Every structure is written in C-alpha cells, then in structure tokens.
Asker: 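First the structure, then my questions, so here it is.
Just so it is clear, the structure is predicted and the values come from calculations on it, not from any experiment.
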Amino acid sequence: MAGDPQLWDQRVWNAVALVPRGRLATYGQIAELIGAWGRARQVGWALRRLPLPSEIPWHRVVNARGCIAMAPSREGSDWIQRQRLIAEGIPVDAEGRLPLCRFRWQAPAVSSF
DNA sequence: AGAATGACGCTGA
DNA sequence: TTCAGCGCCATTC
C-alpha cells in the first residue's frame with residue numbers, strides 16, 4: 001500500500017468519485033474498494049482533508065448505520081451533505097438518517113484496482 | 001515514545 | 001430498535 005498519506009487521500013477521493021449521482025456508499029465500502037479493508041476511519045480522514053468546494057461527490061458517503069456522520073469538527077459540511085443528498089432525490093430525516101439499503105451503490109470488484 | 005482522538009463498524013445487551 | 005462497549009488504525013497532542 002501507499003506509505004504516502006497524500007497518495008492515500010488520492011485513492012480515497014478517486015474511489016468516491018465513482019459513486020454515481022443519487023446513490024450512496026459507506027466509508028467501509030470505499031475502504032474495501034481501494035483494497036484497505038478495516039480502514040473505514042482513514043477514509044473519513046481523507047474526506048475531512050478534502051478541500052471544499054470539490055468536484056468529488058463526498059456527500060454520497062455515509063456510515064454503515066445509514067445516517068450522515070454529524071460532527072462539530074465538520075463545521076457545517078454535514079448539513080451541506082444532507083442538503084445535497086435531498087437534492088439528488090435521497091430523503092434524509094431531521095436526525096440525518098436515510099434509506100441506505102434502497103440507495104446503496106454496488107461497487108465494482110476490488111480486483112479492478 | 002505514549003496517550004488521546006475520531007466524517008467507522010460489528011457484536012451483544 | 002436503540003445504546004454501550006470494543007476493535008480498528010492513521011493522525012495529533
């Protein structure tokens with residue numbers, strides 16, 4: 001794997017960019033996609049380091065519990081995430097929960113990487 | 001170097 | 001179903 005943290009971010013962002021509009025992916029799903037099973041947290045860090053605004057559809061990444069990861073450190077980006085998901089046709093309630101099962105993205109095989 | 005932190009995930013109560 | 005606890009691991013203090 002990459003010892004270079006910047007390359008790690010690049011891989012995460014590259015994988016997130018594959019998520020189609022109106023679909024959802026989990027942090028663990030992104031990690032698995034880039035061949036990093038068990039590193040879902042690091043995916044979260046990579047997205048935190050993502051400079052905004054960005055072309056990367058970071059808002060389509062949620063946690064396995066099926067809700068937006070709310071955190072003060074996000075400085076409101078979590079709220080923006082909710083807004084953008086609703087704009088893409090994905091209903092999100094006041095608690096940030098959403099029907100993950102229904103909009104779950106089927107990621108391509110890891111072997112393609 | 002050691003401890004704390006966190007945009008996570010799974011298991012069990 | 002909701003919630004606490006634990007494992008996880010790079011980053012930060």
Side-chain angles (χ1 to χ4, degrees):
Chain A
M1 286 310 173
D4 187 354
Q6 206 163 17
L7 180 56
W8 165 263
D9 289 351
Q10 200 71 55
R11 287 184 177 181
V12 171
W13 300 340
N14 188 40
V16 173
L18 297 178
V19 184
R21 185 181 185 281
R23 288 296 187 79
L24 295 172
T26 66
Y27 297 95
Q29 196 174 356
I30 296 299
E32 197 174 339
L33 184 61
I34 60 180
W37 191 88
R39 291 169 180 72
R41 310 190 86 140
Q42 280 64 285
V43 172
W45 271 300
L47 292 183
R48 182 207 163 290
R49 298 179 63 173
L50 182 67
L52 299 180
S54 170
E55 315 234 343
I56 305 297
W58 52 270
H59 55 283
R60 295 174 190 153
V61 184
V62 298
N63 58 34
R65 294 175 359 193
C67 62
I68 295 175
M70 308 289 227
S73 62
R74 295 185 60 175
E75 289 289 327
S77 73
D78 41 8
W79 186 85
I80 296 177
Q81 178 172 16
R82 176 174 180 275
Q83 192 176 27
R84 297 184 94 178
L85 288 179
I86 293 176
E88 293 190 355
I90 300 176
V92 186
D93 66 18
E95 299 176 8
R97 307 200 309 184
L98 36 81
L100 176 60
C101 300
R102 240 177 46 143
F103 295 91
R104 171 85 89 149
W105 172 55
Q106 272 204 333
V110 182
S111 55
S112 64
F113 273 87

Asker: If only side-chain N and O atoms of A:Asn63 are considered, is one of them under 4.0 Å from the OP1 or OP2 phosphate oxygen of B:dA7?
Answerer: no
Asker: Report the distance from atom CZ of A:Arg39 to atom P of B:dC10, rounded to the nearest whole Å.
Answerer: 15 Å
Asker: Do you know which of A:Val43, A:Leu33, A:Leu50, A:Ile56 makes side chain to side chain contact (heavy atoms under 4.5 Å, CB included) with A:Val12?
Answerer: A:Val43
Asker: For the pair made of CZ in A:Arg65 and P in C:dG5, what is the distance, rounded to whole Å?
Answerer: 15 Å
Asker: Which whole-number value in Å describes the distance from A:Asp93 CG to C:dT1 P?
Answerer: 13 Å
Asker: Under 4.0 Å between a Lys/Arg side-chain N and an Asp/Glu carboxylate O for A:Glu88 and A:Arg23?
Answerer: no
Asker: Let me know the distance between CZ of A:Arg48 and P of C:dT11, rounded to the nearest Å.
Answerer: 12 Å
Asker: Please determine, for the side chain of A:Arg49, which listed nucleotide (B:dA7, B:dC10, C:dT11) has the closest atom?
Answerer: C:dT11
Asker: Rounded to the nearest angstrom, tell me the gap between atom CH2 in A:Trp8 and atom P in C:dA10.
Answerer: 9 Å
Asker: Checking contacts here: which listed nucleotide (C:dT2, B:dG9, B:dA7) is nearest the side-chain heavy atoms of A:Arg97?
Answerer: C:dT2
Asker: Measure CD1/A:Ile34 against P/C:dA10 and give the value in whole Å, please.
Answerer: 12 Å
Asker: Can you find an N or O donor on one side and an acceptor on the other, under 3.5 Å apart, linking the side chain of A:Arg41 with the base of C:dC9?
Answerer: no
Asker: So, taking the atom named OG in A:Ser77 and the one named CH2 in A:Trp58, what distance separates them when rounded to the nearest 0.5 Å?
Answerer: 5.0 Å
Asker: In whole Å, I'd like the distance from the CG atom of A:Leu7 to the P atom of C:dA10.
Answerer: 14 Å
Asker: Answer yes or no: does a side-chain N or O of A:Thr26 lie under 4.0 Å from OP1 or OP2 of B:dC8?
Answerer: no
Asker: When the distance from CD of A:Gln42 to C1' of C:dC9 is rounded to whole Å, what number comes out?
Answerer: 5 Å
Asker: Can a side-chain donor-acceptor contact be found between A:Gln81 and A:Arg60 if the only test is distance below 3.5 angstrom?
Answerer: no
